[in-house]
Amino acid sequence: GRGVTFCGYRVLCGEIRLTPRKKRRYRALREELEAQWSDGRIDGLDLQNGYDAVHAITLHAASRAWRQRHLAHHTRYIDA
């Protein structure tokens with residue numbers, strides 16, 4: 001059926017997904033890092049390290065496609 005919610009993940013038979021709340025948290029943390037970088041409060045290395053930490057909350061879930069769509073739609077800093 002619909003699986004079980006556990007620690008911000010939706011556990012299904014054969015798959016683990018992010019809950020909407022976990023997705024919002026990822027988005028908020030990423031946007032805050034980008035704002036800090038854009039304002040000069042952190043440098044590129046701090047931004048990269050921050051991305052690593054934010055990305056870590058998604059590692060246990062089948063979230064790659066969602067993250068790619070999210071970044072393509074919401075990020076101003078992707079090289080064209």
Side-chain angles (χ1 to χ4, degrees):
R2 296 178 178 237
V4 175
T5 300
F6 182 74
C7 294
Y9 299 96
R10 181 57 120 177
V11 181
L12 305 166
C13 184
E15 185 174 49
I16 299 174
R17 297 182 184 169
L18 298 173
T19 60
R21 182 177 178 187
K22 187 75 90 169
K23 289 178 182 180
R24 284 190 304 271
R25 179 152 173 75
Y26 170 88
R27 181 174 37 253
L29 291 170
R30 185 193 53 76
E31 289 173 352
E32 176 59 26
L33 283 167
E34 290 176 356
Q36 289 178 16
W37 177 76
S38 182
D39 294 344
R41 291 180 280 157
I42 62 173
D43 62 16
L45 182 57
D46 289 332
L47 177 64
Q48 185 176 358
N49 289 332
Y51 274 150
D52 287 344
V54 170
H55 176 70
I57 69 174
T58 69
L59 290 178
H60 301 291
S63 62
R64 183 177 181 192
W66 174 81
R67 284 183 284 112
Q68 288 174 334
R69 284 190 312 271
H70 175 77
L71 287 172
H73 187 263
H74 296 285
T75 301
R76 301 176 291 171
Y77 309 109
I78 295 176
D79 292 333

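Residue numbers start at 1 and run along the sequence shown. This is a predicted model, so every value here is computed, not measured.
- In this structure, the side chain to side chain donor-acceptor pair (under 3.5 Å) partners of Gln36, at least two apart in sequence or on a different chain, are Glu32.
- Evaluation of the salt bridge (Lys or Arg N to Asp or Glu O under 4.0 Å) rule for Arg24 yields no partner, not counting sequence neighbours.
- With sequence neighbours excluded, the residues satisfying ring-ring contact (aromatic ring centres under 6.0 Å, His included) with Tyr26 are Trp66, His70.
- In terms of the salt bridge (Lys or Arg N to Asp or Glu O under 4.0 Å) criterion, residue partners of Asp39 (sequence neighbours excluded) are, by chain and number, Arg41.
- Scanning both residues, Leu47 and Trp37, for their nearest heavy atoms gives CD2-CG, 3.6 Å.
- Evaluation of the side-chain contact (heavy atoms from CB on, under 4.5 Å) rule for His60 yields Tyr9 as partners, not counting sequence neighbours.
- Of all heavy-atom pairs between Thr58 and His55, the closest is OG1-O, 2.7 Å.
- For the side chain to side chain donor-acceptor pair (under 3.5 Å) test, no residue two or more places apart in sequence or in another chain qualifies with Arg25.
- Applying the salt bridge (Lys or Arg N to Asp or Glu O under 4.0 Å) rule to pairs touching residues 43-57 yields nothing, sequence neighbours excluded.
- Thr5 meets the side chain to side chain donor-acceptor pair (under 3.5 Å) test with Arg10; sequence neighbours excluded.
- Side-chain atoms of Glu34 and Tyr51, non-hydrogen and from C-beta on, do get closer than 4.5 Å to each other.
- Counting all heavy atoms, side chain and backbone alike, Val54 lies closest to Leu29 at CG2-CB, 3.6 Å.
- In terms of heavy atoms, Ala61 sits closest to Arg17 at CB-C, 3.9 Å.
- Taken to the nearest 0.5 Å, the CD1 atom of Ile57 stands 7.5 Å off from the CG atom of Leu18.
- Clustering of Ile, Leu, Val, Met, Phe, Trp and Tyr by side-chain heavy atoms under 4.5 Å joins Val11 with Phe6.
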